[in-house]
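Each remark here refers to the structure printed beneath this line.
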Amino acid sequence: DKTLLQKYYLNVFNGIFLALGLMLLTFGLWLLFERNNLFSVLFSSSKNELVTYISLILLGIGSVITFMSAIGFLGSVVEIKCLLVIYMIFQILMFVILMAILVLIIMKKEEVYNQWNRRIDEVISEYENESLAEREPVWSILNAVQHNMKCCGRYNATQWERNINKKNSTQIPCSCTKSSLKKWFCDVPRNSTYSMGCEEYLNAWFENNVLILTAITISLLITQV
């Protein structure tokens, strides 16, 4: 009875561990291959390839957890002592790695957040620069954010005064207005543009993703304990 009970609990917790590992794996794949998400697009041109590093770390950990869970299931069902010992060693190593990642998320969150805001400001400055045509996907996503959230600029519409790619200083992105024109800039009165900045929405999106990643890591640690 003890053996059956131990098998049952090992497989239940191992199943939870596997599900969380697959979530990390999916998160990493999403960052690596889905280049139309806001985070990936904003950092796609950064020299430090931040998104690639984060996604590869998540993919690596997710793959190891998935492999480790398979060993745990096999070891408990077939009752192979060697596999259970390997499973235990992997669990200890993974616990240390996850602790390090949790500390890294907490320590580096502010740095990534500052880079995030700097990139948004850079995108606004570069917007509709003819020599940077390859950045159009970034501008399109910014337009979608402004249009859907009825906001303009990161903090407000006056931020667009920094953009030197306009034909005249009174122009504003069409996405900052109720206009349905498919152009980069529109000639409209300033009082007809959205006055609220997009910072609150963008920061909430960033915080939610950091929170999900932190929650998965903490859940993995609790499950391991």
Side-chain angles (χ1 to χ4, degrees), residues 15-46 48-66 94-95 97-124 127 135 137-157 159 173 175-176 194-225:
I16 297 168
F17 198 66
L18 175 62
L20 291 166
L22 288 171
M23 285 174 72
L24 275 184
L25 194 62
T26 307
F27 208 100
L29 287 169
W30 173 69
L31 279 178
L32 191 63
F33 295 110
E34 179 49 59
R35 289 301 181 178
N36 289 324
N37 74 74
L38 188 58
F39 192 81
S40 294
V41 170
L42 280 176
F43 285 98
S44 60
S45 58
S46 296
N48 59 5
E49 289 293 335
L50 184 65
V51 174
T52 305
Y53 291 149
I54 293 172
S55 57
L56 289 176
I57 289 169
L58 294 177
L59 281 172
I61 293 169
S63 300
V64 170
I65 288 172
T66 305
M94 192 51 57
F95 185 85
I97 291 168
L98 287 171
M99 281 295 292
I101 286 172
L102 190 61
V103 172
L104 197 64
I105 291 171
I106 294 166
M107 289 178 63
K108 293 291 182 179
K109 179 187 167 185
E110 196 66 30
E111 184 183 329
V112 175
Y113 176 77
N114 291 333
Q115 282 190 44
W116 164 265
N117 283 329
R118 279 198 300 272
R119 263 308 283 151
I120 294 168
D121 292 342
E122 283 173 18
V123 170
I124 289 172
Y127 186 87
R135 307 276 174 86
V138 189
W139 307 337
S140 296
I141 284 188
L142 181 60
N143 278 337
V145 170
Q146 292 186 141
H147 179 74
N148 294 330
M149 302 310 297
K150 294 180 171 54
C151 57
C152 191
R154 183 165 66 86
Y155 44 85
N156 57 44
Q159 191 175 13
S175 56
C176 280
Y194 301 131
S195 57
M196 187 185 75
C198 303
E199 188 167 34
E200 186 177 341
Y201 167 73
L202 292 167
N203 289 348
W205 188 93
F206 176 82
E207 288 289 342
N208 286 340
N209 279 278
V210 171
L211 191 62
I212 290 168
L213 191 56
T214 306
I216 292 171
T217 308
I218 291 171
S219 301
L220 280 166
L221 288 169
I222 292 169
T223 308
Q224 281 184 290
V225 171

- May I have all residue pairs that pass salt bridge (charged side-chain N to carboxylate O under 4.0 Å, His left out) and include part of residues 203-212, sequence neighbours excluded?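 Sorted pair list: Lys109-Glu207.
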
- Quick one: CG on Leu221 to CZ on Phe17, what's the gap to the nearest 0.5 Å? 8.5 Å

- Item | Where Phe95 and Val225 come nearest, the two heavy atoms and their spacing | CE1-CG2, 3.7 Å

- Identify, with sequence neighbours excluded, every residue that meets side-chain contact (heavy atoms from CB on, under 4.5 Å) alongside Thr214. Leu102, Ile105, Val210, Ile218

- Message: If you apply the rule side-chain contact (heavy atoms from CB on, under 4.5 Å), what do you find for Thr66 with Leu18, and how did you get there?
- Response: CA-CA 6 Å; Thr66 305; Leu18 175 62; 3.9 Å; yes

- Message: In the structure I gave you, are the side-chain heavy atoms of Leu25 and Leu59 within less than 4.5 Å of one another anywhere?
- Response: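 Answer yes - side chains close enough.
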
- Query: So Ile61 and Leu98, side-chain contact (heavy atoms from CB on, under 4.5 Å) or not? Walk me through it.
  - Reply: CA-CA 9 Å; Ile61 293 169; Leu98 287 171; 4.2 Å; yes

